[in-house]
Amino acid sequence: MRQIDYIRISVTDRCNLRCVYCMPEKGVELLKHNDLMSFEEIYNLVKALVPLGIKKVRLTGGEPLVRKNIEELIKLLRSIPEIEDITLTTNGILLEDMAEGLKKAGLSRVNVSLDSLDEEKFKKITRWGSLDKVLTGIDKAIKVGLNPVKLNVVAIKGFNDDEFINFIDFVYNKKIQVRFIELMPIGESDEEAILKHYPIDAIKKLIETKYELKFNDNIRTNGPAENYNIVGGVGSVGFIGALSHKFCSSCNRLRLTADGRFRPCLYIDQEYDVLKLIRSGASDDELRTFVEEIILGKPEGHNMEDGWGNQRRKMSQIGG
Ligand code: SAM
Ligand code: SF4
């Protein structure tokens with residue numbers, strides 16, 4: 001059986017931004033409060049899964065920082081001795097105000113999504129976000145010790161391909177890892193993703209016109225990034241190629257949607273309703289058996305290049 005030590009938990013499908021490739025501006029149907037997993041349900045489930053080897057938890061969404069009292073969930077998860085790492089992926093808008101409380105609650109570190117360092121372009125891609133807020137949020141996260149901060153940059157041909165080197169300039173003297181992620185044909189991006197696809201090998205080549213990169217197998221990540229030191233600099237760079245470098249055979253991810261569905265593969269429209277099982281009073285043993293079967297059935301591969309088809313979920317509803 002695959003060794004799964006990592007679970008990604010979406011805590012909400014709501015978001016304070018509307019990135020054009022992720023969420024439509026209007027008309028997304030949002031979950032009702034009672035459809036969301038409560039903090040206690042998430043905590044009990046994670047605790048039940050510890051004997052399977054789960055050691056790391058990533059909170060995501062939607063925007064996890066808009067889930068009310070998210071610090072309380074982090075404290076609960078932190079009280080499970082076997083959970084070594086609790087991380088969170090955020091758009092960074094609320095980070096300046098919340099970083100200190102998150103750290104105190106026991107969060108290990110954050111990944112901040114940031115697709116442009118240009119105010120106008122940042123507004124265009126997020127529809128109304130403030131770049132300044134995200135940049136001050138990143139500084140605050142570093143200051144309170146949510147390290148190492150990672151920046152997630154979705155590479156989009158014709159939008160931010162003129163900024164790839166700027167991102168390296170930006171992290172060169174900072175303890176930040178910038179990670180370039182291929183745009184995936186999911187939800188809102190679907191066909192556009194193929195047209196605007198910028199393969200990670202080409203991004204690396206472009207960066208190497210200015211910087212020397214040195215492969216580093218020791219950089220700590222939970223996922224499929226290929227990591228490099230920027231020679232002479234403090235920061236580092238990672239590349240995630242879900243399309244051009246499929247990593248399905250080594251995928252150690254288990255995704256849980258905000259409404260309590262396990263989704264063994266981000267791309268494949270197959271979900272297992274664990275919340276229903278929990279609310280019907282399942283024992284820890286029954287939950288473990290349920291999850292073991294999901295892990296055993298984790299698909300060998302995906303056909304992302306064929307597009308999203310008629311799947312109903314958007315990325316914000318699955319949990320990125
Ligand atoms: N709201 C948080 C954020 O933006 O970091 C967490 C959720 S978001 C869905 C998680 C990540 O998924 C972000 O880095 C976002 O850029 C990425 N993402 C969303 N749609 C994507 C797509 N179609 N292809 C590649 N990455 C995508
Ligand atoms: Fe919100 Fe993150 Fe999706 Fe952007 S990528 S709309 S910030 S959930």
Side-chain angles (χ1 to χ4, degrees), residues 8-28 30-31 58-67 70 87-95 98 102 109-116 122-131 133-134 137-138 141 146 149-157 159-160 167 177-200 203 222-225 238-245 253 255-258 263 266-267 302 304-305 307-308 311 313-320:
R8 286 175 88 95
I9 302 176
S10 172
V11 293
T12 180
D13 58 338
R14 290 167 195 256
C15 188
N16 46 1
L17 297 180
R18 289 287 182 280
C19 300
V20 295
Y21 52 75
C22 178
M23 240 178 138
E25 186 171 1
K26 290 184 191 133
V28 210
L30 297 168
L31 292 170
R58 173 169 298 278
L59 303 178
T60 181
E63 172 50 41
L65 298 188
V66 304
R67 175 87 189 246
I70 186 73
T87 57
L88 182 144
T89 301
T90 172
N91 60 31
I93 295 289
L94 297 172
L95 201 49
M98 294 180 68
L102 292 167
R109 57 203 159 78
V110 283
N111 285 13
V112 182
S113 304
L114 177 60
D115 300 328
S116 177
F122 182 78
K123 267 221 158 67
K124 199 167 162 194
I125 200 86
T126 60
R127 289 203 174 93
W128 54 70
S130 151
L131 175 64
K133 266 197 178 327
V134 180
I138 291 170
L146 288 170
V149 171
K150 291 182 190 160
L151 287 192
N152 286 355
V153 181
V154 176
I156 308 169
K157 193 171 170 181
F159 173 71
N160 59 5
F167 274 105
Q177 186 190 56
V178 59
R179 293 136 44 101
F180 293 99
I181 298 171
E182 287 178 350
L183 180 63
M184 295 178 283
I186 291 181
E188 281 302 278
S189 57
D190 200 3
E191 279 159 28
E192 266 207 338
I194 306 295
L195 296 173
K196 297 182 175 173
H197 179 234
Y198 206 108
I200 51 169
I203 303 173
N222 288 328
F239 299 96
I240 303 178
L243 275 162
S244 67
H245 290 227
R253 285 161 191 224
R255 290 171 189 276
L256 183 61
T257 64
R263 190 165 169 118
L266 171 63
Y267 184 71
H302 61 68
M304 215 177 252
E305 55 285 353
W308 196 233
Q311 296 199 40
R313 296 250 205 200
K314 310 280 179 205
M315 185 71 150
S316 57
Q317 295 168 319
I318 298 172

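Indexing begins at 1, ligand by ligand and atom by atom, following the structure's order.
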Find all atoms of ligand 1 within a distance of less than 4.0 Å from any non-hydrogen atom belonging to [X], and give their numbers and elements.
{"X": "T60", "value": "6 (C), 7 (C)"}
{"X": "T90", "value": "2 (C), 3 (C), 5 (O)"}
{"X": "N152", "value": "14 (O)"}
{"X": "E182", "value": "25 (C)"}
{"X": "V154", "value": "16 (O), 26 (N)"}

Report the part of [X] in contact with ligand 1, treating N, CA, C, O as backbone and CB onward as side chain, heavy atoms under 4.0 Å; options are side chain, backbone, both, neither.
{"X": "D115", "value": "neither"}
{"X": "T89", "value": "both"}
{"X": "L183", "value": "both"}

Measure from the side-chain N and O atoms of [X] to the backbone N and O of [Y], and report whether any donor-acceptor pair falls under 3.5 Å.
{"X": "R14", "Y": "L31", "result": "yes"}
{"X": "R127", "Y": "R18", "result": "yes"}
{"X": "E182", "Y": "I200", "result": "yes"}
{"X": "R109", "Y": "V149", "result": "no"}

Are T257 and Q317 close enough that some pair of their side-chain heavy atoms sits under 4.5 Å apart?
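With C-beta onward as the side chain, the pair stays apart.
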
Would you mind reporting whether E63 and T90 have side-chain heavy atoms less than 4.5 Å apart?
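The answer is yes; the side chains approach within 4.5 Å.
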
Near atom 3 (Fe) of ligand 2 (cut-off under 2.8 Å), count of protein N, O or S atoms
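If we list every protein N, O or S atom nearer than 2.8 Å to atom 3 (Fe) of ligand 2, we get 1.
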
Verify the distance criterion only: is there a donor paired with an acceptor across the side chains of R8 and T60 at less than 3.5 Å?
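Not at all, the side chains of R8 and T60 share no donor-acceptor pair under 3.5 Å.
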
Let me confirm one number: the OG1-CG distance from T89 to L65, rounded to the nearest 0.5 Å.
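Atom-to-atom, T89:OG1 and L65:CG are 10.0 Å apart.
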
If you measure every N/O of Y21 against every N/O of ligand 1, is any gap under 3.5 Å?
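By distance alone, the answer is yes.
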
Show your reasoning for whether side chain to side chain donor-acceptor pair (under 3.5 Å) applies to D115 and Y21.
CA-CA 11 Å; D115 300 328; Y21 52 75; 2.5 Å; yes

State which residues pass side chain to side chain donor-acceptor pair (under 3.5 Å) with N152; sequence neighbours excluded, sorted by chain then number.
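Side chain to side chain donor-acceptor pair (under 3.5 Å) check on N152 returns R179.
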
Look at the rings of F180 and F239 and say which category their plane angle falls in: under 30° parallel, 30 to 60° tilted, over 60° perpendicular.
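Answer is parallel, since the angle falls under 30°.
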
Nearest option to atom 1 (N) of ligand 1, as decided by whichever heavy atom of C15, G61, C19, G62 sits closest
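Looking at heavy atoms only, the winner is G62.
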
